[in-house]
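As a basis for the values below, the full set of heavy atoms in this structure was taken, side chains included, without hydrogen atoms, waters or symmetry mates. First listed ligand is number 1; within each ligand, the first listed atom is number 1.
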Amino acid sequence: MAKTNADPKKVLFTETVLRDANQSLIATRLKYSEFKDILPTMDKAGYYSVECWGGAVFDVCLRYLDEDPWQRLRDLRKNLPHTKLQMLLRGQNLLGYKHYPDEIVKMFVQKSVENGIDIIRIFDALNDLRNIEVATTAAIKAGATVSGTLSYTQSPVHTLQKFAKLAKEMEDMGVATICVKDMAGVMTPKEAYDLIGAIKAEVKIPVVLHTHCTTGMAYLTYMKAIEAGVDIIDTATSCFSGGTSQPATETLNYALKQFGYETGLDDAVLKQVNDFFKPIRDAYIKDGALNPKMMATDTDALNYKVPGGMLSNLVSQLKAQNAMDRFEEVLIETPKVRKDLGYPPLVTPMSQMVGVQATSNVLAGERYKNISKEVKAYCRGEYGTAPAPIDPEVLKKALGDEKPIEGRYADTLEPVFEKTKAELAGTAKSDEDVLSYILFPQVTEKYFAARKAKEEKIVKYTITPVEE
Ligand code: CO
């Protein structure tokens, strides 16, 4: 089952400093202007790919950085001409937080590839493959390499057989690689060894592993995954590694080479990349945007079986309600709610939904007295099929006599592109602009206004000397 020492020893690296490390440590606040000078160097490092777009990058560019995410992508493409640019896509949710009509999914994927993306990692929080199918087919058609992605979680229904079967179904859909995505950083070395082995036995295509250092296990987890035959791992340049981020690129490269693995990485270039990002990291620590705690090991997630990011959300929810004395009760309630809801993986948006429900169940003094509209939508089947059946009593409380939807939620959504484009005539300058607006209407509207103000200012300055 596992790869033996006699097999060719090759492990490839995806560098995450521009996306996941950036997102996990400093809430995706890296500006393009901060890292653009290192791109020509990164282009020579020998990475399998650079993860640089998607996830929260798109939203944050528009919301906080006054940057057009499409322009960032085109600039990345120009300055990393020999490197595969990789993005993360939440299936039918694209980069937003709700489901979009198929028309928008196809167009968004097509435009991402046109503007420079090579590899699209596509996942669904519930592992409901109907939610990744349209994006996958569109991406393959557009010429992208698709990495079919499994959202990793532990539960009685998430067995090795179940994950291996999902991987096989993705391979049959035509994806080029399978990625096991441990968003919460909870995968143990043993689980990695068993799971990667089970998937490698089922599929012929390369397998990727993604994890986070949060609980301190990631290096061991990668090592055992490599022993089981994993082909590609996600790492971050060392000064942006550790804690809630990925393991360090240089460290794993050094260790693996000593074992005789070929990594394709250039040690001298890796050092230059790290030296470039060090003062940037230090500046973020100094201004408080990067809390050094984020880079340390926190084993609470192992004790509570709740991902690290979710724990900090629970704490801030309870603090806001002056109810920190109920923390232990909420922690005991959280896995119960998850079980009631059919064991959804605790990733966005499920982690928020389960956390809020658990808090409400404890503070209201009665379970499911209040149910959020998101949990109701989940029960209705709008997010896809739950991994296990939802508890019938909870379903009844959430929906009353209403029946869950049959089929796929996106099938009920009307096309919106042409209508939105017409509404934005004069404001949107491209189809990409229209797509940004469809994903994040308020945020993009604000961005358009700021862009217009900036342009008028530029025009005024260039005109002034002529007038004088
Ligand atoms: Co991640």
So, Gln71 versus Asn115: side-chain donor-acceptor pair below 3.5 Å or not?
no

Ring centers of Tyr32, Phe35 separated by less than 6.0 Å:
yes

Going by an N to O cut-off under 4.0 Å, is there a salt bridge joining Arg130 and Glu133?
no

Test item: side-chain donor near acceptor, Glu51 and Thr14, under 3.5 Å
no

Does some side-chain heavy atom of Ile140 sit less than 4.5 Å from a side-chain heavy atom of Met173?
no

Is the closest basic N to carboxylate O distance between Asp231 and Lys200 below 4.0 Å?
yes

So, at under 2.8 Å, which protein N, O or S atoms would a careful student list around the Co ion (ligand 1)?
Asp20 OD2, His210 NE2, His212 NE2

